[in-house]
Amino acid sequence: MRNRNFIASGFLIIIILAVIILLLAIPGGIAAGVCSDSSQRIMRISSANNAHAEIWSKTNYGYEICYNEIFGSAYAGSSAQTCTGSNKVVKLSAETNAHAESPNLNNYATDVCYGNLACTARSSCLSDEKEVVSLSSETNAHLASDGSYATKICCKSSTIITPPSTEVCNDGLDNDGNGEADYDYNSALSMHGDSACPLSVSEISVSDSNPAENANINVYCTSSVAGVNSIDAYIDSTLCSWDSWTGDVAKFTCNAGSYTGSAKTAKCSVNAAKSYQSGTDKTAAINVQQSLCSAYASSSNCEADSGCDWCGECSGTKYSGGSDRCVSAGSCSYSCNKGKCGAGCDNTNGGWTNYICDNYCSGSNIFSRSDIFNSCQDNCMPTTNTCDTGTASSCGTTTCTLGIGSCNNPCNEAGTSTDGTDAACGTCTPTCTAITSVDWNNLNNQAIQSSQKEDSARLTANGYEITGKNISFIVYKSGGGCGLLWLSDCEIAQLSTIAQSNSASIIWKASEAGTLYFKAKIVETGQEVQSGNLVVSSTEDNSAPVAVINSPANGARFEINTPISFAQSSYDEDDDISVAWNFDDGNTTTLTNCLAGGNCSTIHTFTTQGTKNVILTATDARGRTGTAFASIDIFKGGVGADAINVFARISEPQPNQVIQGSGWVRFNASESYAANCASPCAGSCYVVGSLQCANLNQNNLMFNWTFDDGTARYGTWQSNYSYVVKFNKFFGSIGTHTATLKVGYP
């Protein structure tokens, strides 16, 4: 019934994990599921259920009962396993290979004690207790850590503070588990205030309601809570600078801004990115007064007002039209007024457009000439506007350093001969075509001098102006060996390619051992360059490819029906590879020749919501494989229940992970979450494509695990965390196992 109700809710995502387990024989018992520190170990049991037990210091059993796993934080006291008379957890029939009984009985003499736990046998644990183990009966019992027995050993610790079910607004904690805490994000433990702890602004006042333009004033905001980080003040839309708190009043420094002829609005409000708000913003009108620049008699006072400029009588050899004075910003102008301030002629007051003489080009020479500085009459009109004759300077020629071809170096006339931009000698780029170097490389583009039989290598030729040229590669074997009578070097392969850039390459597989070299030749010119030697051994040791997903990143979020780029840079040093993208929605894409022909990236669009475990498998030419994994979340919007997105995320183990050991596997689904993407968004919202979403309370998540060995686990985050969210699971057989997780939200 639980499972049927869970599925009927409609908000579930399924992740199937394949776990490859290699069981190893370990003398004395199993060694897995250990506590992070021995000080946190309460006891050991032989399996998850139907188990025998031993005290904490024995080493026969590998399934450990850990304080910090059960209670969510480490026990910090000393001598945690020492009995004090009041911290008994269970009693055992012996120190190992033991049956157990409830802590209040006295049939057995071996006590299991821990820290300051107070433990009681019950049919179900109280809200402030945690289940440590369960027993098959009150005494002479087998034990279980998966809750499968009716007698529960329920414990509570005085060092564990059970959070209240409602938010406490000033303790720095997320008490109700909804990802929000207190009044604002001052606390290091939260990023947003809690909806149960809203802030309000009750009053606003200003230090000057008629400030001069661009003057600084103070705005005072009275807050419902003092000292918070989320009260803001504005002048219109301009944010003010916070100054100080006095009691519950926050003081801000604000610039009044420029004069507009209309009233401006000072505002006190609550920053919605940091806190929730109750009530409304408080506002006050201010009337910004226009600056009276003419009232300033000194440069320092004038220039202290950003609305004013100090206009001197002279600037260089120009005249301002009056004595030194303060004017409105931008209203001061200067002119050529002959005889004023020693001014000469220019084109600002009845003059002419200044004639500028350039250097100019003629053929391959550049002519350098000087400007004529024209004389000026009283009316500022020119008497001449001609230029001197230029002096020729040859731009010369440049010979290609590779010894093939040459070019001249003409001057470049940049514009016209009167635009003020000088001509210059051009830059010569020789039109040379030549191979400059050749290399043996592996398929990771690393230079090599040795390889193995059946390995592929990349033959590379680098050059100048070889793009589009036909490049041939001829491979030779040194010292003969191509036949019984062949004593000299012999040709064993000939290949060719059209260069797509100034670096041409081709992939070739060495099918025989020996010392090899190759010659790269430009077919069109006949130029040829020989490589160094590559020693190929008769050994075959094929390296496996390495799969690499560059994007999207693990944990990335996307809106449904959005094309997503999947980029990869998988590599293999001795074979070309193909890659297969499995998008976890029933679709796959396989691409080949990833090293020789392309990068094998792709684009995919998801049409269903949920967590998608994308697996990239790289396969080399000889069948070896490598895998990479990226888990991404696909969101959808909607109305009501249709806007709820639930994501089942398993961070341990990863898909197809190989686990060596005794059969214990660590499962971790603590990154699972639910989000509401309804519009308008409420709470701490974030953007996914065109959607705005807010995470829901993780405590309400429901988990349903099924395993291929026939076992299952069901429970909620809040009540069964160490049973269904983070736990150890035992598999009794070697091979590939699957685990299926369904996560729901009520």
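Source: prediction; values computed, not measured.
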**Asked** Given Thr539 and Asp541, is the side chain to side chain donor-acceptor pair (under 3.5 Å) satisfied, shown in steps?
**Response** CA-CA 6 Å; Thr539 304; Asp541 184 15; over 6 Å; no
**Request:** Please report the C-alpha distance between Asp146 and Asn49 in whole Å, then the side-chain angles of each, then the deciding distance to 0.1 Å, and finally whether the side chain to side chain donor-acceptor pair (under 3.5 Å) criterion is met.
**Result:** CA-CA 7 Å; Asp146 59 8; Asn49 53 47; 2.7 Å; yes
**Request:** Verify side chain to side chain donor-acceptor pair (under 3.5 Å) between Ser679 and Gln692, making sure each step is shown before the conclusion.
**Result:** CA-CA 7 Å; Ser679 179; Gln692 286 199 339; over 6 Å; no
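Expressed to the nearest 0.5 Å, how far NZ of Lys636 lies from SG of Cys693 amounts to 10.5 Å. Here CD of Glu573 is found 10.0 Å from OG of Ser451. Values are rounded to the nearest 0.5 Å. Atoms CZ and OG, from Phe71 and Ser722 in turn, are 9.5 Å apart once rounded to the nearest 0.5 Å. Rounding to the nearest 0.5 angstrom, the gap separating the NZ atom in Lys612 from the CD1 atom in Ile634 is 7.0 Å. Atom CG of Asn720 is separated from atom CE of Met702 by 12.5 Å, given to the nearest 0.5 angstrom.
Checked by atom type, the side-chain pair Trp440/Ser531 shows a donor-acceptor distance below 3.5 Å. Between the side chains of Gln718 and Thr716, no donor N or O sits under 3.5 Å from an acceptor N or O. In this model, a donor atom of one side chain and an acceptor atom of the other lie less than 3.5 Å apart for Thr711 and Asp709. In summary, the side chains of Ser456 and Asp574 do not present any donor paired with an acceptor at a separation below 3.5 Å, with no hydrogens or angles considered. Asn271 and Asp232 share a donor-acceptor pair across their side chains, judged by distance under 3.5 Å alone. Judged by distance alone, the side chains of Asn554 and Ser631 never bring a donor and an acceptor atom under 3.5 Å apart.
Heavy-atom minimum distance, Leu595 versus Ser570: CD2-O, 3.8 Å.
For Arg41 (side chain) and Cys66 (main-chain N/O), no donor-acceptor pair under 3.5 Å exists by modelled atom type. In terms of modelled atom types and a separation under 3.5 Å, the side chain of Ser275 and the main chain of Tyr183 share a donor-acceptor contact.
Salt-bridge annotation for Asp576 and Arg458: absent, with no side-chain N of the basic residue lying under 4.0 Å from a carboxylate O of the acidic one. Ionic pairing of Arg649 and Asp633 is present here: one or more N-O contacts between side-chain nitrogen and carboxylate oxygen are shorter than 4.0 angstrom. Classification of Arg622 and Asp575 as a salt-bridged pair holds, one side-chain N sitting under 4.0 Å from a carboxylate O. Salt bridge status for Lys509 with Glu540: absent, with no side-chain N to carboxylate O gap under 4.0 Å.
Note: Phe583 and His604 have parallel aromatic rings, judged against thresholds of 30 and 60 degrees for the angle between ring planes. By the 30° and 60° cut-offs, the orientation of the rings of Phe566 relative to Phe606 is perpendicular. By the 30° and 60° cut-offs, the orientation of the rings of Tyr721 relative to Trp717 is perpendicular.
Heavy-atom neighbours of Tyr571 OH from other residues, nucleotides or ligands within 6.0 Å: at or below the threshold of 12.
A cation-pi arrangement is present between Arg557 and Tyr686 under the rule of less than 6.0 angstrom and at most 45 degrees off the ring axis. The cationic group of Lys729 does not satisfy the cation-pi geometry with Phe727, failing either the under 6.0 Å distance to the six-membered ring centre or the 45° limit from the ring axis.
In terms of the side chain to side chain donor-acceptor pair (under 3.5 Å) criterion, residue partners of Thr460 (sequence neighbours excluded) are, by chain and number, Asn441.
Applying the disulfide bond (SG atoms under 2.5 Å apart) definition to pairs two or more places apart or across chains, none involves residues 545-586.
Aromatic rings from Phe647 and Phe635 are positioned such that their centres are separated by under 6.0 Å. Remark: aromatic rings of Phe667 and Phe703 are distant, center separation not under 6.0 Å.
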For residues 587-594, run the donor-acceptor check on the side chains, cut-off 3.5 Å, and write out each pair with its distance to 0.1 Å, sequence neighbours left out.
{"unit_1": "Asn587", "atom_1": "ND2", "unit_2": "Asp585", "atom_2": "OD1", "d": "3.2"}
{"unit_1": "Asn587", "atom_1": "ND2", "unit_2": "Asp585", "atom_2": "OD2", "d": "3.3"}

